[in-house]
*Asks:* 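Before I ask anything, let me first share the structure, which is written out below as structure tokens.
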Amino acid sequence: MEFAKYQGLGNDFVIVDGRSGSPIEPNGAQVRQLCDRRLGIGADGVILALPPRQGGDLRMRIFNGDGSEPEMCGNGIRCLARFVADQHQGVCPDTLTIETMAGPMGARLQDQGQVTVDMGEPRLEPAAIPTTLGVDARQVVAERLLVIGQVLEVTAVSMGNPHVVIPVADVAQVDLEQLGPALETHPAFPNRTNVHFLQVLSDQHHRLRTWERGVGPTMACGTGACAAVVAARLLGLGQRKARVTLPGGTLTVHWRDDNHVFMTGPAQRTFVGQVVLDALGAEAENEATGDTEAVAQAKAMAFLANTSLDEMLELAANSLAQRTQRRGGPPVNPPGEPVPDWDHRGH
Ligand code: ZDP
């Protein structure tokens with residue numbers, strides 16, 4: 001199968017052209033392996049270019065590295081627009097309408113490898129995120145949330161996909177590996193969420209560190225940069241137009257007065273090649289369904305993040321008691337009583 005690799009600020013994607021020929025439908029295991037930097041090609045996600053359904057130029061599907069399918073992807077859509085332009089031998093229209101699960105997005109090819117995307121309108125209602133925070137509110141701004149023993153003030157924005165933004169004094173001090181997954185899988189976000197820590201450099205320039213849903217820490221997140229500018233504005237920390245500096249570089253975001261968010265940044269082809277799909281079947285054979293592992297992992301993370309040590313010990317004790325009783329052994333002793341030596345009775 002032929003593929004191209006593109007990157008935008010170090011957020012990298014395998015792009016497969018499914019605009020002609022038979023439809024392609026990768027399973028979760030195949031996506032994970034394509035994204036694996038040793039067992040496959042290596043990428044943060046896989047993007048499919050597909051024929052349009054609603055009068056656009058093409059349709060985009062995107063998969064995260066864990067095999068899950070998000071609604072939208074900002075860096076990915078810039079990469080896809082550049083991919084389409086690179087495929088064109090002759091003149092390519094400089095504006096493309098790309099259909100996504102979050103609606104049609106307009107992408108304009110600019111000079112010097114830059115692409116501007118009309119990312120549509122942010123959604124702020126709790127149900128649109130979705131989140132259980134601020135149920136009766138119109139928006140979720142600086143809501144307090146307990147995450148692994150810390151109270152964080154989170155602002156939630158949907159750019160088609162869910163984001164939470166947390167202002168901090170210094171993003172370098174944030175323990176992303178701990179807080180990222182705990183927030184991603186927090187029960188307050190039923191579809192999980194992308195997580196961003198925001199440092200205000202000025203009212204027109206922010207620094208962002210991202211933990212992406214279904215991926216982990218990435219060099220950049222386009223939808224996240226848009227969500228961050230919207231959140232900063234809602235919090236009174238920034239203007240509607242601002243630069244956002246991510247580990248991989250800087251995007252320009254403009255939340256216009258007509259409520260549309262425009263994002264400008266680079267997109268670049270890094271290589272093209274062929275991948276042997278037969279070699280990608282191995283992991284798939286060991287799994288009943290593509291999503292099982294991702295979902296199980298998310299549940300485990302949520303459990304770990306949101307269960308106290310005492311609760312875990314109690315659960316473990318209960319489950320030991322149940323298993324012991326199923327095996328016909330004596331009930332497990334309440335704490336403080338001596339443990340009988342029943343294991344030698346032929347178990
Ligand atoms: O919403 C999600 O699950 C994200 N991981 C999708 C990918 C977002 C992306 N990094 C972006 O730039 O918007 C591609």
Side-chain angles (χ1 to χ4, degrees), residues 5-15 28 31-32 34-35 43-49 60-83 98 100-103 105 107 114-120 122-123 128-131 156-165 176 180-181 183-186 189-196 208-231 244-253 261-268 291 294-295 297-298 301:
K5 260 301 290 286
Y6 276 72
Q7 65 91 15
L9 301 184
N11 195 194
D12 61 343
F13 304 94
V14 168
I15 302 185
V31 169
R32 285 194 289 280
L34 285 168
C35 291
D44 292 326
V46 173
I47 292 175
L48 304 181
M60 170 175 87
R61 283 184 75 188
I62 158 130
F63 300 91
N64 287 320
D66 73 350
S68 59
E69 182 172 10
E71 306 80 350
M72 237 309 263
C73 167
N75 288 328
I77 208 162
R78 290 200 320 278
C79 289
L80 182 59
R82 184 59 65 193
F83 169 81
I98 301 178
T100 74
M101 274 165 70
M105 310 285 159
Q114 298 280 309
V115 182
T116 297
V117 182
D118 176 354
M119 303 281 285
R123 300 280 305 273
I129 306 294
T131 179
V157 176
S158 169
M159 290 303 307
N161 54 350
H163 297 272
V164 291
V165 179
L176 199 61
L183 275 155
E184 177 193 359
T185 59
H186 195 286
F189 307 102
N191 291 353
R192 299 192 278 158
T193 184
N194 296 288
V195 179
H196 312 279
L208 207 62
R209 260 182 91 198
T210 291
W211 177 275
E212 267 190 46
R213 175 179 69 166
V215 188
T218 54
M219 299 280 282
C221 179
T223 46
C226 295
V229 170
V230 170
V244 180
T245 297
L246 302 123
T250 298
L251 293 170
T252 305
V253 175
V261 181
F262 279 67
M263 169 200 66
T264 301
Q268 185 193 35
D291 281 346
V295 169
Q297 205 175 358
M301 298 295 259

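Whatever order the structure lists them in is the order used to number ligands and atoms, beginning at 1.
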*Asks:* Nearest to atom 14 (C) of ligand 1, what protein heavy atom do you find, and at what distance?
*Replies:* C73 SG, 2.5 Å
*Asks:* Evaluate L251 against R78 for side-chain contact (heavy atoms from CB on, under 4.5 Å), listing each step before the verdict.
*Replies:* CA-CA 12 Å; L251 293 170; R78 290 200 320 278; 3.5 Å; yes
*Asks:* Provide the number and element of each atom of ligand 1 under 4.0 Å from a heavy atom of F13.
*Replies:* 14 (C)
*Asks:* Report the part of T223 (side chain from C-beta onward, or backbone N, CA, C, O) that has a heavy atom under 4.0 Å from ligand 1; answer both or neither where that applies.
*Replies:* both
*Asks:* Nearest to atom 3 (O) of ligand 1 by heavy atom, R213, E69, M119: which?
*Replies:* R213
*Asks:* Using modelled atom types only, decide if a donor and an acceptor are shared between the side chain of R82 and the backbone of Q114 within a distance under 3.5 Å.
*Replies:* yes
*Asks:* Numbering the atoms of ligand 1 from 1, which are under 4.0 Å from a heavy atom of M72?
*Replies:* 6 (C)
*Asks:* At less than 4.0 angstrom from any non-hydrogen atom of G74, what atoms of ligand 1 do you find?
*Replies:* 11 (C), 12 (O), 13 (O)
*Asks:* Could you tell me whether some N/O pair between P162 and ligand 1 is separated by less than 3.5 angstrom?
*Replies:* no
*Asks:* With a 4.0 Å heavy-atom cut-off (strictly under), which part of N161 contacts ligand 1: side chain, backbone, both or neither?
*Replies:* side chain
*Asks:* Do any N/O atoms on N194 end up under 3.5 angstrom from N/O atoms on ligand 1?
*Replies:* yes
*Asks:* Return yes when atom CZ of R61 has more than 12 non-hydrogen atoms of other residues, nucleotides or ligands closer than 6.0 Å, and no otherwise.
*Replies:* yes
*Asks:* Would you mind telling me if ligand 1 is within reach of the side chain of N11, the backbone, both or neither, using heavy atoms under 4.0 Å?
*Replies:* side chain
*Asks:* Atom 12 (O) of ligand 1: which protein heavy atom is closest, and how many Å away?
*Replies:* G222 N, 2.5 Å
*Asks:* Does the side chain of N161 pick up a donor-acceptor pair with the side chain of T223 at under 3.5 Å?
*Replies:* yes
*Asks:* Answer yes or no: is there a donor N or O on one side and an acceptor on the other, between the side chain of D12 and the main chain of Y6, under 3.5 Å?
*Replies:* no
*Asks:* Tell me, which protein residue and heavy-atom name are nearest atom 7 (C) of ligand 1, and how many Å apart are they?
*Replies:* E212 OE1, 3.3 Å
*Asks:* D44 and side-chain hydrogen bond (donor to acceptor under 3.5 Å, both in side chains): which single residue from N11, N64, T218 fits?
*Replies:* N11
*Asks:* Just to verify, which of V31, V14, I47, L34 counts as forming a side-chain contact (heavy atoms from CB on, under 4.5 Å) with F63?
*Replies:* V31
*Asks:* Which pairs, with at least one residue in residues 210-224 and sequence neighbours excluded, count as a salt bridge (Lys or Arg N to Asp or Glu O under 4.0 Å)?
*Replies:* E71-R213
